[in-house]
Amino acid sequence: WVEDSVDPKEFTTSESEIYHELRSYMDCIDDGYLKQVVLGIYDNERIMKKFLMAPASEFSAYSYLGGLAKMTYDICFLADSMMQNNDVNAMLHMNYDIIMAAALLCNIGRAYMYDIDKDGKFSKNEYGIIDTDTSLTRDAVKQSMRVVSENVDDDGNVKFKPKNNDVIKELIHILDTSKSLIGFQTTTVPRTRNASIFASIINIVNSAGTFDKLENSNIANEKLVKAFEGGKYYFIPQE
């Protein structure tokens, strides 16, 4: 786990830009403990090199090099926009720190699922075949939590502590349930308010990303279940 710190100078221009944009969202987290957990991931060179280059998926939304980081940015952008809107947040009662930490961390597991060859081509490795990105994310986040909990000052006192154990439980719960189906009693674990809303944000971003891909590709070659009338009205023209 102990790796060299990230040096943005080693990234391409586009990688460096999105890395700094994601870090700017991390800087908005007030809870010192949560910020350190996220920093433990984003300051890990081994993880970030893959995270900033990897596709989010092989065939569907964000299936291009750098797609994983772009999808994560879109999740952060949507979540932040909703929470910064006072009227929306007054209705949803979202916890900014926990939601933003989840937004930054929810796709980290996918960085473990691919290997890259000397030509820059990605392929799924054993992690990608055996494990889910959700379980890999949870393991990485728990490892970062362990490191943060062992960070002590000169007097042996832990530097960063969660406000209460519910902060840890809530973050892990959100990450565990973020990719499952939305709906009343459709998951095996009942969702908290924050987890339910966050899963909806994930679905919105995935849907938008999928349609962005389809609208810029040859739809005839896509293996899709058409919405109705054989796909004639699959897309509604934009105004």
Side-chain angles (χ1 to χ4, degrees), residues 6 8 11 13-43 48 51-52 56 61-62 66-111 133-134 137 140-141 144-145 148 160-164 166-180 182-183 191-212 238-239:
V6 167
F11 300 149
T13 300
S14 59
E15 289 170 354
S16 181
E17 286 178 354
I18 198 164
Y19 177 75
H20 283 97
E21 287 172 344
L22 291 169
R23 286 290 294 257
S24 70
Y25 283 117
M26 185 189 71
D27 291 339
C28 294
I29 299 175
D30 289 330
D31 187 300
Y33 174 81
L34 288 176
K35 183 180 291 188
Q36 289 299 312
V37 170
V38 178
L39 180 62
I41 299 289
Y42 276 76
D43 201 32
M48 281 297 108
F51 176 75
L52 293 171
Y62 300 89
L68 182 58
K70 179 59 169 63
M71 180 170 69
T72 302
Y73 170 79
D74 288 348
I75 292 169
C76 290
F77 175 81
L78 179 57
D80 179 70
S81 298
M82 292 171 64
M83 290 184 287
Q84 294 292 353
N85 185 307
N86 292 332
D87 292 333
V88 172
N89 206 20
M91 177 181 69
L92 299 177
H93 305 292
M94 301 166 70
N95 182 304
Y96 187 95
D97 286 351
I98 292 179
I99 291 291
M100 190 51 63
L104 288 161
L105 296 172
C106 66
N107 290 315
I108 290 300
R110 298 192 187 191
D133 68 295
T134 301
T137 294
V141 172
S144 183
M145 288 177 172
V148 172
F160 303 98
K161 294 181 180 180
K163 294 178 180 179
N164 54 64
D166 288 342
V167 171
I168 297 176
K169 293 177 182 178
E170 178 80 350
L171 178 59
I172 296 298
H173 169 68
I174 292 174
L175 296 174
D176 274 344
T177 62
S178 63
K179 307 294 175 66
S180 51
I182 300 296
R191 281 197 180 100
T192 62
R193 173 191 288 270
N194 286 313
S196 296
I197 294 171
F198 186 75
S200 297
I201 292 173
I202 295 285
N203 273 1
I204 291 170
V205 171
N206 281 336
S207 296
T210 298
F211 275 85
D212 285 344
Q238 298 180 352
E239 296 293 338

Rounded to the nearest 0.5 Å, what's the gap from [atom1] on [X] to [atom2] on [Y]? Could you check?
{"X": "N85", "Y": "M91", "atom1": "CG", "atom2": "CE", "answer": "9.0 Å"}
{"X": "M83", "Y": "L92", "atom1": "CE", "atom2": "CG", "answer": "10.0 Å"}
{"X": "L171", "Y": "L105", "atom1": "CG", "atom2": "CG", "answer": "6.0 Å"}
{"X": "S16", "Y": "L52", "atom1": "OG", "atom2": "CG", "answer": "9.0 Å"}

Looking only at heavy atoms, which two atoms of [X] and [Y] are closest? And how far apart?
{"X": "A111", "Y": "L68", "result": "N-CD2, 3.9 Å"}
{"X": "L175", "Y": "A102", "result": "CD2-O, 3.9 Å"}
{"X": "T177", "Y": "A195", "result": "OG1-CB, 3.7 Å"}
{"X": "A56", "Y": "A61", "result": "CB-O, 4.0 Å"}
{"X": "L22", "Y": "C76", "result": "CD2-SG, 4.2 Å"}
{"X": "C106", "Y": "D133", "result": "O-OD2, 4.3 Å"}

- request: Could I get the full list of ring-ring contact (aromatic ring centres under 6.0 Å, His included) partners for F51, not counting sequence neighbours?
  value: Y42
query: Taking everything shown except D27 itself, do over 12 heavy atoms lie less than 6.0 Å from its CG?
result: yes
For S24, side chain to side chain donor-acceptor pair (under 3.5 Å) partners two or more places apart: none
message: Going by side chain to side chain donor-acceptor pair (under 3.5 Å), name the residues that satisfy it together with T137, two or more places apart in sequence or in a different chain.
response: none
query: Are any side-chain N or O atoms of S144 and backbone N or O atoms of V141, one a donor and one an acceptor, separated by less than 3.5 Å?
result: no
task: Scan residues 73-83 for pairs that pass side chain to side chain donor-acceptor pair (under 3.5 Å), counting only residues two or more places apart or in two chains.
output: Y62-D74, K70-D74, D80-Q84, D80-Y96
- prompt: Where do I98 and F198 land on the side-chain contact (heavy atoms from CB on, under 4.5 Å) test, with the steps shown first?
  reply: CA-CA 10 Å; I98 292 179; F198 186 75; over 6 Å; no
message: So, using side chain to side chain contact (heavy atoms under 4.5 Å, CB included) as the criterion, who are the partners of N194 when residues are at least two apart?
response: M94, N95, I99, E170, I174, T192
- prompt: Heavy-atom distance under 4.5 Å between the side chains of L34 and M26, does that happen here?
  reply: no
task: Go through the steps for R23 and L104 under the test side-chain contact (heavy atoms from CB on, under 4.5 Å), then give the verdict.
output: CA-CA 9 Å; R23 286 290 294 257; L104 288 161; over 6 Å; no
message: Under the salt bridge (Lys or Arg N to Asp or Glu O under 4.0 Å) definition, can you give me all pairs with a residue in residues 95-104, not counting sequence neighbours?
response: none
